[in-house]
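Sequence lines set the chain letters: A, B, ... in the order given, protein chains first and strands last, and positions in each chain run from 1.
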Amino acid sequence: MSDSRTTSAPVLPRAWPFEEAQKLATHVDARTAKAGADDARPALLETGYGPSGLPHIGTFGEVARTSWVRQAYTALTGRPSRLLAFSDDMDALRKVPDNVPNRDMLEKFIGQPLSRVPDPFGTHESFAAHNNARLCSFLDSFGFDYEFASSTQYYTGGRFDAALKRVLEVHEEVVGVIAPTLGPDRRATYSPVLPLHPRTGEVMQVKMDAVNAQAGTVQWTDPATGEKFETPVTGGHAKMQWKADWAMRWYALGVDYEMSGKDLIDSVRLSGRICRILGGEPPAGLTYELFLDENGQKISKSKGNGLSVEEWLRYAPQESLGQFMFNQPQRAKRLYFDVIPKTADDYLTHVEKAKTLQAADPKGNDLRANPAWFINKGDIANNAGSPVSFGMLLNLASVANAETPEVLWGFIRRYDASVSPETHPMLACLVEHAIAYYADFVRPAKTFRAPSDKERAALVDLADALRGYEGEAADASTLQNLVFEIGKRHEFEPLRSWFGCLYEVLLGQKEGPRFGGFVALYGVRETVALIEAALLREQQG
RNA sequence: GAGCCGGUAGCUCAGUCGGUAGAGCAUUCGACUUUUAAUCGAAUGGUCGAGGGUUCGAGUCCCUCCCGGCUCACCA
């Protein structure tokens, strides 16, 4: 490695967002060079959203990943940029979703733009407005920096007018791109322009009788009535069929970067061709892989396989979900419960590494290649990360029967007295999640065996003895001695079988924590209740 | 039919532009403990799908093939 080589070209941090940022920078440079100083606007990154459904884990992934490209672009060039979250809310309602109320009402609005369909929840002025609001609050909950854009507002506000007229000028060429990809039926009627029916409001998929580029109108016939119409394409009186819509939007807004799933590979290609026909340059972008479930099957909302954002966030902090999205976007990854703890710990490991790197050089390439640098938005706080791994907390929650964070904190403080929820907020967060994980997955799998008569007598004794300590500040060793004494009094041989009994009968597991310590943390009264419940369960069974 | 991704330890995967094959879990052993468990330490374990090529050197780059999976081809 010679000096001349290291000084000639700056080495990019070895992380995929920087490679993407490099592509974006090249794209912006080309655009600026072509248009001159007239086009010195910020780099524009776009993410698309279809408001016929609710935001989901893919939505999170796309916005998170695009945000990281933007962060890398800023670090790389120092130039301004914008992130537009574009909602295609003028798209027609195709079918009534399963998971909404008032489905009969919605049935009547099939074919109408989503922004003109009433809100089945009755809280917003339209179904689209409702889902747009859900999108925004979803994105806000993660702290994403973005600008929301409504397709309907852009169309009706005239922001697409010039581009729409341009589409009419090259109408036949656009048809020539899309038509060969369609089946014979659709091919016969295809037009990139979908006029809104002046009376019914329906998004019409009909053949154009004539296209008048100069007037900015299209002529078409209502197949139901035979009535002929001439509709302006401007001002929200028509919209584009989706591939053409994408292309027109790229062209009209000058989108510089947009990523998409591999299911859209063909669409990206076709929309790119249309964008060039219009006279634009399609954005740079990344094709990311789709998520698979545990068995390698595609995740689909209708099947309900895979994992939702809500589920993930119940069992681990949101940073871990970011970590999952950061890893290898171009590789299909399985998304199911088992990956959560590992991913959370991967993140924690990166945070510790990043803190060291940041202290050494806040602008270093190694730091900027670290996932935590992206996930924490370029600044890793001193109290980020956790001295205890998530995996360890899960084990601890399991063996300690941790029903509440306090129980877990008792064990943690014994492990390191200097940590607390105040000094280690991430650890506090992990504890909460570990409790949820335990409650949902570990506890239900426990099997409690019935005590033998001998064990039963000993347990009754233990409960009686413990009652003597209720309300007192009993320490762990006193309680441990008490438990030990009762075991000896009842002549358990070997004595460890007495402890085995406690774990299997009371905690539903083969192993457990030192029992005196457990009682001290779990509570004397609560332990008595635990014993009584076990004895009662036995009588009923 | 078109395109994409993968095949590395028993399992799940990592492998940082070619330089002595790694982690976690699992298994086994040990340390600690008035029984345990957590925890800590160690060991075991791989023809890197197959074959060829480039190279002093290939899990890594190129070609061919095998196996598995996914996406698109109706709509967005």
Which value, in whole Å, describes the distance between the [atom1] atoms of nucleotides [N] and [M]?
N	M	atom1	value
B:rG10	B:rU44	P	15 Å
B:rG46	B:rA26	C1'	16 Å
B:rG6	B:rC75	P	30 Å
B:rA58	B:rG19	P	11 Å
B:rU71	B:rU47	P	33 Å
B:rG24	B:rG41	P	10 Å
B:rC67	B:rG49	C1'	7 Å
B:rC70	B:rC63	P	26 Å

Measure from the side chain of [X], starting at C-beta and using heavy atoms only, and say which of [options] lies closest.
X	options	answer
A:Lys262	B:rG69, B:rC72, B:rU35	B:rG69
A:Arg14	B:rA76, B:rU16, B:rC72	B:rU16
A:Lys342	B:rC75, B:rC13, B:rU71	B:rC13
A:Ile265	B:rC4, B:rA38, B:rA76	B:rC4

Quick one: does any side-chain atom of [X] pair with a main-chain N or O of [Y] as donor and acceptor, under 3.5 Å?
X	Y	result
A:Arg331	A:Glu289	no
A:Glu20	A:Ala284	no
A:Arg368	A:Trp373	no
A:Lys454	A:Glu491	yes

Can you tell me how far [atom2] of [N] sits from [atom1] of [X], to the nearest Å?
X	N	atom1	atom2	answer
A:Leu502	B:rU36	CG	P	14 Å
A:Leu290	B:rG6	CG	P	14 Å
A:Met392	B:rA37	CE	C1'	13 Å
A:Arg334	B:rG7	CZ	C1'	12 Å
A:Tyr288	B:rG6	OH	P	18 Å
A:Gln328	B:rA14	CD	C1'	8 Å
A:Leu264	B:rU71	CG	C1'	10 Å
A:Arg331	B:rC4	CZ	P	17 Å

Does the side chain of [X] get closer than 4.0 angstrom to OP1 or OP2 of [N] through an N or O atom?
X	N	answer
A:Arg269	B:rC72	no
A:Gln330	B:rC70	no
A:Asn395	B:rA37	no
A:Gln205	B:rC75	no
A:Gln241	B:rA76	yes

Sort by first number and list every stem of RNA chain B: at least 3 consecutive Watson-Crick or G-U wobble pairs, both distances under 3.5 Å.
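In RNA chain B, stems of three or more pairs: B:1-7 with B:66-72, B:10-13 with B:22-25, B:27-31 with B:39-43, B:49-53 with B:61-65.
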So does A:Arg249 pair up with A:Glu46, basic N to acidic O under 4.0 Å?
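Yes, A:Arg249 and A:Glu46 are salt-bridged.
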Under-4.0 Å salt bridge between A:Asp366 and A:Arg14:
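No.
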Taking the nucleotide of RNA chain B with the closest heavy atom to each, which residue, A:Gly500 or A:Gly391, is nearer the 5' end?
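Its nearest nucleotide lies further toward 5', so the answer is A:Gly500.
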Find which nucleotide of RNA chain B each of A:Lys333 and A:Phe484 is nearest to by heavy atoms, and output the residue with the more 5' nucleotide.
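On the 5' side of the pair lies A:Lys333.
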Looking across every strand, which nucleic acid part, if any, lies under 4.0 Å from [X] by heavy atom: base, sugar-phosphate, or nothing?
X	result
A:Gly50	nothing
A:Asp345	nothing
A:Phe492	nothing

Evaluation steps, ring-ring contact (aromatic ring centres under 6.0 Å, His included), between A:Tyr315 and A:Phe337
CA-CA 9 Å; A:Tyr315 302 116; A:Phe337 282 107; 5.5 Å; yes
So does A:Lys333 have more than 12 non-hydrogen atoms from other groups sitting under 6.0 Å from NZ?
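Yes.
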Has the side chain of A:Tyr336 got a donor or acceptor that lies under 3.5 Å from a partner of the other kind on the base of B:rU12?
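Check fails, no donor-acceptor contact within cut-off.
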Please name the residue in the list A:Asp89, A:Asp88, A:Asn132 that meets the side chain to side chain donor-acceptor pair (under 3.5 Å) test with A:Thr152.
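Exactly one pass, corresponding to A:Asp89.
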Can you say whether the rings of A:Trp312 and A:Phe324 are parallel (under 30°), tilted (30 to 60°) or perpendicular (over 60°)?
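It falls in the tilted class, 30° to 60°.
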